[in-house]
Amino acid sequence: MRFASLGSGSKGNATLVEAGDTLVLIDCGFSLRETTRRLAHLGVDPGQLDAILVTHEHSDHCAGVAALSRRHRIPVYLTHGTASSGRCDGSFEQRRFNSEDRFEIGALEVKAVTVPHDALEPCQYRLSWRECSLGVLTDLGCITPHLVESYRACHGLVLEFNHDLPMLEAGPYPPHLKRRVGGDWGHLNNGQAAGFLRQIDAAALHHLVVAHVSENNNTREKAEQALLSVLDSLDRVVWAEQTGGFDWLEIEPERYPPPA
Ligand SMILES: [Zn+2]
Ligand SMILES: [Zn+2]
């Protein structure tokens, strides 16, 4: 099982996951042209995609979904709530589900996990193939016990480190936006993300990707400080960039048994 990103942040998100002969894209916040260019950079032709999984209707996640789906006849999986936003209308085909459902796409087992975020029916995903599992968790305002349970002992995790709370509070955003981003239905700050890692079994993690990082309200140093309060080192940590995402990462649990 392997995964990569086309870009991560408030200007656009898209994550590739491949397992066996199945290839899916989670979200597509880029134009068709930009998506095609970024996929090519990762060695992927859009026609190879078996599905597009959508997390929610915010434009940094779904602006490019319908065009990509239509052009290459790719089915789109999304919650009923996300579908009701109309933002993915015009897709080739919509397959609707309820958040918390489990379903299969080819070789991949998909679990849609409900998150607190200011969208109609937002979900994030845990994907499994054989004994490997990958969690994707961005765009949420707080950590719930349900999330800790749902993401326990993943081998790979793409986790939001959106902002540093003091930087957000002192930063350039207007008060209503500070309240939205920092609130329980907004985005995770460094401290919340680090706290989440403390609660799940982070020892099983082979790859931790720091994702959806704010360009205005966070720095790499601040996020690293938070990470080092939980992890012994940053050896397994990868940064998802807005411009280039991150390159393919492989999950092979049999090659990396969890530390005793
Ligand atoms: Zn987002
Ligand atoms: Zn969002």
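It should be emphasised that the depicted structure is a prediction, and the values quoted were computed from it without experimental measurement. As the structure lists them, so they are numbered: ligands from 1, and atoms in each ligand from 1.
Among heteroatoms of the N, O or S kind in His117, NE2 lies nearest the Zn ion (ligand 2).
Under the 4.0 Å criterion applied to side-chain N and carboxylate O atoms, Arg73 and Glu93 are not assigned as salt-bridge partners. Electrostatic pairing of Glu250 and Arg2 does not count as a salt bridge here, judged by no charged N lying under 4.0 Å from a carboxylate O.
The distance from atom CG of Asp101 to atom NZ of Lys111, rounded to the nearest 0.5 Å, is 8.0 Å.
The count of protein N, O or S atoms under 2.8 Å from the Zn ion (ligand 1) stands at 4, with waters excluded from the count.
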> For Leu140 and Phe196, what are the C-alpha separation, side-chain angles and deciding distance, and is it a side-chain contact (heavy atoms from CB on, under 4.5 Å)?
Replying inline: CA-CA 12 Å; Leu140 67 165; Phe196 178 68; over 6 Å; no
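Residues passing the ring-ring contact (aromatic ring centres under 6.0 Å, His included) test with Tyr173, sequence neighbours excluded: none.
Taking the ring axis of Phe30 as reference, the NZ or CZ atom of Arg38 stays within 45° of it and closer than 6.0 Å to the ring centre.
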